[in-house]
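By convention in this document, chain letters (A, B, ...) are assigned in the order of the sequence lines, proteins followed by strands, and residues within each chain are numbered from 1.
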Number of protein chains: 2
Amino acid sequence: MSTNERRKKEIKEMKQEIIEAAVQLFLSDGYENVSMRKIAKKIQYSPTAIYNYFASKEEILKQLLMNGYSIFLNSLKEGVAKSEEDALSRLKASLNAYIHFGLSHPDYYRLIFIENLHLLQKIIIDEDDRTKGFQLLTELVAEAMNEGVLKKNEVQLVSQSLWASLHGITALLITFPDFGWSDFDGLIRFQVEAMIKGVS
Amino acid sequence: MSTNERRKKEIKEMKQEIIEAAVQLFLSDGYENVSMRKIAKKIQYSPTAIYNYFASKEEILKQLLMNGYSIFLNSLKEGVAKSEEDALSRLKASLNAYIHFGLSHPDYYRLIFIENLHLLQKIIIDEDDRTKGFQLLTELVAEAMNEGVLKKNEVQLVSQSLWASLHGITALLITFPDFGWSDFDGLIRFQVEAMIKGVS
DNA sequence: TTAATTTAATTTACGCTGTTAATTGTACAC
DNA sequence: GTGTACAATTAACAGCGTAAATTAAATTAA
């Protein structure tokens, strides 16, 4: 039946319309201030119409998390791709890319890594985007150890420590912008150097 | 007038009763799930009675933050006091005490340092408790630099970098307990060592 | 001691939230 | 054309933070 297929397309389009409205509202108003009714109003539907496409508000949130995480992964990969080819440069590039993503997409960072980290496990990025962020980091760490630019150690342990420091600087700069940070860029550079030195 | 003074005492007691109920509920149900109505029910008052003592729910939150921050400061000071007397030991003790506070009071840590960090500036701890947490850290860093166990550098920059890494490990362990952390205690030890080495 | 005044507590109410249930309208199959 | 499936709407529920009006109790003044 062609009507069936067209219907499927319509469902997909409607879902798309909903999450586009949701993203826009959440970027401007902040996530917690966006209600189902506001989303519905933006797309000119009644509030409960949305429930034909998403079971709950949390399901929309999950979709937003997927989108944000996809952008996050691309940022990391781009950062690494643009770097020099040696293992240390690639590792540093990934660290800088992580922080840079947070600072240029604070709402997404907050949503993914601060407020809903526990939901991340359940979210599978589509298809070939399987290389998750942390796996990328562990690969770069292992690479650096193999090339001898990083002291050999448990790869998981070192990667987790690096992630922790990355998250710390990013989360603090985002959630506490009015703290008297010495010098934004200087602090970031110092932190990245300290992280590398710390595990070297 | 003695009636006036007695009244002041009653107000203080009522406030105390309210925040005690609020703390209990928030510790068991999680902060966002505690409503004014639930607090009121617990202390056997009507919901709006609370508004004679706290202007809003946020004012109760601020009180909780103050309590939590007070516990936090005491934990830090205790940790330092119990350590060896040399500057490096004292600094390490403060780092460990920070993480330990987060792990033993995850709800308070989440409330203060993850969800409401921006409110922290406005909160002044009572009386002689003026030594704020970050100031304590900077003092220990300066001390360590003066004793020559830490490379001389901008004290603010180093302290902020250390705080960032502390926050990172603490926040991640709290908000993502189900992530496959190599070895909780081992990771913490490694992180503290890496932090010190990074700024040495 | 009684009357007037202050003030603490309650009830009522408003506008919001996420979500369920019942209802309406419309496009399709037979 | 009639019956059925289903998308969208309206109505409704239980909850939220909080403002306003009202009641009740305590304190002060006469």
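- Protein atom CE of A:Met36 is 12 Å distant from nucleotide atom C1' of C:dT20, rounded to whole Å.
- When rounded to the nearest whole Å, the span between NZ of B:Lys41 and P of C:dT11 equals 13 Å.
- Side-chain atoms of B:Glu154 and A:Ser182 form no donor-acceptor pair, as typed in the model, at a separation below 3.5 Å.
- If you check every strand for non-hydrogen atoms under 4.0 Å, B:Ser56 touches sugar and phosphate atoms only.
- Going from atom CD of B:Glu32 over to atom P of D:dG17 covers 12 Å, rounded to whole Å.
- Under a cutoff of 6.0 Å and an axis angle of 45°, B:Lys62 and B:Tyr69 do not form a cation-pi pair.
- With rounding to whole Å, A:Ile50 atom CD1 is found 15 Å from D:dA7 atom P.
- In this structure, A:Met14 places its CE atom 17 Å from P of D:dC6, rounding to the nearest Å.
- Distances were taken from every side-chain heavy atom of B:Tyr45 (C-beta onward) to each of C:dA21, D:dC16, C:dA9; the shortest belongs to C:dA9.
- Within the 4.0 Å cut-off from OP1 or OP2 of D:dA8, not a single side-chain nitrogen or oxygen of A:Ser46 is found.
- The interatomic distance linking A:Asn52 (CG) with C:dT20 (C1') rounds to 12 Å, in whole Å.
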Item to check | Residue pair B:Leu95, B:Ile196: steps toward the side chain to side chain contact (heavy atoms under 4.5 Å, CB included) verdict | outcome: CA-CA 10 Å; B:Leu95 304 183; B:Ile196 295 288; 3.8 Å; yes
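- Between the CD atom of A:Glu58 and the C1' atom of C:dT19 there is a distance of 14 Å, given to the nearest Å.
- For an aromatic pair to be called close, the ring centres must be under 6.0 Å apart, and A:Tyr98 with A:Phe101 fails this.
- Here A:Tyr51 lies in heavy-atom contact (under 4.0 Å) with a base.
- Checking the phosphate oxygens (OP1, OP2) of D:dC16, a side-chain nitrogen or oxygen of B:Ser35 falls inside 4.0 Å.
- The separation between B:Ile39 atom CD1 and D:dG17 atom C1' is 11 Å, rounded to whole Å.
- Side-chain nitrogen and oxygen atoms of B:Tyr53 include at least one within less than 4.0 Å of the OP1 or OP2 phosphate oxygen of C:dA9.
- Pairing for C:dA9 is with D:dT22, a Watson-Crick or G-U wobble pair whose two hydrogen-bonding atom distances lie under 3.5 Å.
- A residue-by-residue look at A:Ala49 and A:Arg37 shows that A:Ala49 has its nearest nucleotide of DNA chain D further toward the 5' end.
- A:Phe72 pairs in a ring pair (Phe, Tyr, Trp, His ring centres under 6.0 Å) with only one of the listed residues (A:Phe113, A:Phe134, A:Tyr109, A:Tyr108), which is A:Phe113.
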